[in-house]
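Working notes, structure below.
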Amino acid sequence: MTATDMGPMHQQAAGLFQRKRLIACAVPAVIFGYFVYIFFAFDFMGLSERARMDNAITLASDSWSYKTHVTRDNRSGAISYAIEGERKGEYPEGTRPDWVSGEADAPVVALGAGHIVRFLPDNAITFEIPDFGTIEAQVVDGRVMSNLGDDVPDFVSASNTRLAITTDEGRLTVTRARTEVFHYSPGWELFWFTLDSPYYGHGLLALLTGPQLDSARSNVAGMWEDFWGNRMWRHTDVIFAIGETILMAFLGTFGAAMVALPLAFLAARNFAPLGAARFAVRRFFDFVRGVDGLIWTIVLSRAFGPGPMTGALAMLITDTGGFGKSFSEALENVDEKQIEGVASTGAKALQRYRFGVIPQITPILLSQVLYYLESNTRSATIIGAITGGGIGLLLTQAMQTQKDWEEVSYYIVLIILMVMVMDTFSGWLRRKLIKGDEGGH
Amino acid sequence: MATTDMMQGRGRAQTIHAHYMAMVQRRRLYGALTLLIFFLLFFGGFYVADDRNAGGFWSGLSQLGDFPAGVLSEAWEKRGLLPAHMVTYFGALVETVNIAAVSTLVGALFGLILSLMSTRGLSKWPMMIPVFRRIMDIMRAVPEIVIALVLIFVLGGGPVPAMVAIAFHTTGALGKLFSEVSENADLKPVEGLASAGANWSQRMLLGVIPQVAPNFLSYALLRFEVNIRASAILGFVGAGGIGYELKNAMSWGQGKFDEAAAIFLLLFGTIVFFDQLSSYFRNRLTKGVPQ
């Protein structure tokens, strides 16, 4: 080969390289340009202004801690202790948290790190803050007086009717009606037992091996009863909601598979001789898939009302399209030889399907169905939030009240666990059911 | 002599036959039992779901057509307004598609890195493979709505919470699919590049990515279809885009159904359009350009 022959080839190769380099630069450049457009279209600049960082801090700290309210009714002078300030979390008469000391009608609350609140007679209160000093306040003739004067630090908001002091260790608010101290502690308090349960505050080992605490029932039975009957965390409702979500996914997925299978025969070229029917069924599949779960959910919830069945039906309808499409593709790819073999033994049409077709497509069908079951467990959470059923509803409700963040994190943990368990289960089932098939290929 | 042999042989055949029939019968019994349990679960479950639903199944079935009929008749009466409504909501539609596109891009990018990190023979730190796999499993398990709701609380409504939520889930989902593809990648180009002194990112970029790109792209396109639907649904819970407009139009109720109908049409058209587009490109990626 001479140099003249090499010339054009070299040029061609160089041209190809040039093109490749251009593409290699152009693709990232286009993507970068798109990101720049999105940066402005989604208004990332304004995001920092709109972001509520205080919300983020509340969420982050509340999700792993709880607060106990120490409240004095400034009219009657009665003092109460309640976890999260809820009636259900109230300490029974005569008991109080161990970080409270002093007289019953003039308690001293140790908030931690040297922050001490002292309730004094005549609706007076003092708040000792290290590195700052002691703030004294009193409600006199319906007005909130304090020793702060005009020089109010930025962690205090003071007016004639209200004084609020916010520190990292806790909060104090004084109004005409009540004086309230928030004490923060880590953990999910009352997760196992509420305060009215005899088992509250005991270790598991002590409960299992120790003496019987309630004469009416054994420790294990009582613990079980009090745990599920926990009114703060409502474990029974939560587990029911999880079950409802899984039920929605189960009904939707398998219902769709049962509807789609016979229709898929009509849509498969090698089984449906009638072209018009095939076309109609295929367009039907495309239609229900294209309308999408969201619209089906809206349409169905108008007819069936909120609840798990509405969500299940919405998934059923949407997935009928998805299943129909993939089932009919699987049917079009079946091996004709096996059907012929069965036919040669004198099998009738139904037997040909039963022994010639079904065994071939079962593994594909099952793996598809299980895959959809996995993804529908996630979808059921979202659909539940829209139609009002299952754990999705509980999550949105807890979000909307914007105070029980520890419950929100509890639900989130349960949702992730639920999805992972379903993933593992369906993966296990898939391997188990399709194992026999793998050897043959 | 011969007859006794035959007798024995026939006897053996009979026992084998009996044994075989017993096995077939047991198999059928197990099959029937599985089916029975399945149908019990299915219809029992349906009964429970129906019981916990606000409206019953049979009474609802008769009203099923009412709402679509109402929307359609109203949309038909005001059909002259539909094009104008579609123009109004086109911006929201673009936002929904943008959310899906950005989150697919971001998810594919992170999924790519995670998948390479969790593939034997390709990982930069082979000791960390199980850690990266678990990270992907957890990211995949988080439903989008969880992240979206939390971020809406912090960042306020708008496209960013939905984008982050979908990108997070997409990273996990695509990471898993990508790592299945890259497990099957040929390691010879990687070794060749390594012998020439290429560092890890060069080995991946030049040795692995060209092999797996068609499959990766095809998975990413499929994910894009899924994400358009997800982004519409998240809009409905407050994350902007066409879903949010749909929720507003729905809450106005009767008299504004023409707007809802316009949004339905836009959403339907978009989903079908992108499904077709992506399936065309996926076909080209997996089967090659038609000559």
Side-chain angles (χ1 to χ4, degrees), chain A residues 31 34-35 38 41-44 47 50-53 55-56 59 244 247-248 250-251 254-255 258 286 289-295 297-300 302-310 312-313 378-379 381-383 385-386 388-389 392 395-396 399 402 408 411-412 415-417 419-420 423, chain B residues 38 41-42 45-46 48-50 52-57 60-68 94-95 98-99 101-102 105 137-138 140-146 149-150 152-156 158-160 163 169 226 229-230 232-234 236-237 243 246 250 260 264 267-269 271-272 275:
Chain A
I31 293 178
Y34 181 64
F35 279 145
I38 287 300
F42 284 6
D43 192 20
F44 269 87
L47 203 63
R50 277 178 286 129
R52 299 277 312 274
M53 271 316 156
N55 276 358
L59 197 156
E244 219 171 74
L247 180 67
M248 270 161 70
F250 170 75
L251 289 178
F254 284 93
M258 286 195 286
D286 287 344
R289 240 161 49 86
V291 171
D292 190 33
L294 173 64
I295 299 177
T297 309
I298 295 168
V299 169
L300 291 177
R302 288 276 164 153
F304 296 107
M309 192 189 60
T310 309
L313 287 176
R378 274 186 298 272
S379 312
T381 317
I382 302 187
I383 290 183
I386 295 173
L395 182 71
T396 42
M399 283 272 183
Q402 303 206 344
V408 170
Y411 299 154
I412 290 177
I415 290 172
I416 295 173
L417 277 181
V419 174
M420 289 182 92
D423 274 15
Chain B
F38 170 76
L41 272 178
F42 188 82
F46 185 80
V48 171
D50 189 23
R52 289 173 78 95
N53 218 61
F57 178 71
L61 208 57
S62 57
Q63 303 162 9
L64 191 56
D66 294 359
F67 175 66
V94 170
E95 186 166 271
N98 271 336
I99 291 170
V102 177
L105 273 175
D137 283 350
I138 292 172
R140 208 157 49 89
V142 181
E144 287 112 348
I145 191 171
V146 168
L149 283 177
V150 170
I152 287 171
F153 176 66
V154 175
L155 300 178
V160 179
M163 189 204 91
H169 177 74
V226 177
R229 292 157 188 258
I233 255 194
L234 283 185
F236 205 81
V237 296
L246 180 59
M250 293 290 301
F264 280 153
L267 194 54
F268 177 69
I271 287 171
V272 171
D275 274 14

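- Using a 4.5 Å cut-off between heavy atoms, A:I386 contacts chain B through its side chain alone, with no backbone atom that close.
- Within the 4.5 Å cutoff, the side chain of A:F304 has heavy atoms near those of the B:L64 side chain.
- Considering only heavy-atom pairs separated by less than 4.5 Å from chain A, the leading option among B:Q63, B:R229, B:M163 is B:R229.
- For a residue to count as touching a neighbouring chain, one of its non-hydrogen atoms must lie under 4.5 Å from one of that chain's; by this rule B:I271 touches chain A with the side chain only.
- Aromatic ring orientation, A:F250 versus B:F38: perpendicular (interplanar angle above 60°, classes split at 30° and 60°).
- Minimum heavy-atom separation, B:P68 to A:V299: CG-CG1, 3.7 Å.
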Determine whether A:I298 and B:L246 satisfy the following criterion, side chain to side chain contact (heavy atoms under 4.5 Å, CB included), listing intermediate values before the conclusion.
CA-CA 10 Å; A:I298 295 168; B:L246 180 59; 3.5 Å; yes
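- Between the CG atom in A:D292 and the CZ atom in B:F264 there is a gap of 11.0 Å [rounded to 0.5 Å].
- Proximity to chain A involves both the backbone and the side chain of B:V150, based on heavy atoms less than 4.5 angstrom apart.
- Chosen from B:L234, B:I99, B:V226, the residue pairing most often with chain A at heavy-atom distances under 4.5 Å is B:I99.
- Contact of B:F67 with chain A is made through the side chain alone, with heavy-atom distances under 4.5 Å.
- Between B:A101 and A:Y34, the closest heavy-atom pair is CB-OH, 3.2 Å.
- Contact of B:V102 with chain A is made through backbone and side chain together, with heavy-atom distances under 4.5 Å.
- With a threshold of 4.5 angstrom between heavy atoms, A:I382 approaches chain B through its backbone and through its side chain.
- Chain B forms more heavy-atom pairs under 4.5 Å with one residue of A:S379, A:G305, A:A303, A:G389 than with any other, namely A:A303.
- Each of A:P308, A:A312, A:G293, A:A41 has some count of heavy-atom pairs under 4.5 Å with chain B, and the biggest count is that of A:P308.
- Chain B forms more heavy-atom pairs under 4.5 Å with one residue of A:V419, A:D423, A:I295, A:L395 than with any other, namely A:I295.
- No side-chain heavy atom of B:I233 sits under 4.5 Å from any side-chain heavy atom of A:T297.
- With a threshold of 4.5 angstrom between heavy atoms, B:I152 does not approach chain A through any atom at all.
- Note: B:D50 leads B:D50, B:V48, B:V272 in heavy-atom pairs under 4.5 Å with chain A.
- Residue A:I31 holds its CD1 atom at 5.5 Å from CG of B:L105, rounded to the nearest 0.5 Å.
- Closest non-hydrogen pair, A:L251 versus B:A49, comes out as CD1-CB, 3.8 Å.
- Heavy atoms of B:F236 lying under 4.5 Å from chain A belong exclusively to its side chain.
- Taking the side chain as every heavy atom from C-beta outward, B:D66 and A:R302 never approach each other to under 4.5 Å.
- Residue contact with chain B, scored on non-hydrogen atoms closer than 4.5 Å, is absent for A:Y411.
- With contacts defined as side-chain heavy-atom distances shorter than 4.5 Å, the pair A:R289/B:D275 qualifies.
- Checked by atom type and distance alone, the side chain of A:R378 pairs as donor or acceptor with a backbone atom of B:R140 at under 3.5 Å.
- Pairing each heavy atom of B:I145 with each of A:A385, the nearest pair is CD1-CB, 3.4 Å.
- Heavy atoms closer than 4.5 Å to chain B are found in the side chain of A:M258, but not in its backbone.
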Where do A:T396 and B:V237 land on the side chain to side chain contact (heavy atoms under 4.5 Å, CB included) test, with the steps shown first?
CA-CA 9 Å; A:T396 42; B:V237 296; 5.5 Å; no
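- Heavy atoms of B:N98 lying under 4.5 Å from chain A belong to its backbone as well as its side chain.
- For the set A:I38, A:T381, A:D43, the count of heavy-atom pairs under 4.5 angstrom toward chain B peaks at A:I38.
- Of the two parts of A:L417, neither the backbone nor the side chain holds a non-hydrogen atom closer than 4.5 Å to a non-hydrogen atom of chain B.
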How far apart are the C-alpha atoms of A:I416 and B:V146, what are their side-chain angles, what is the distance that settles it, and do they pass the side chain to side chain contact (heavy atoms under 4.5 Å, CB included) test?
CA-CA 10 Å; A:I416 295 173; B:V146 168; 5.8 Å; no
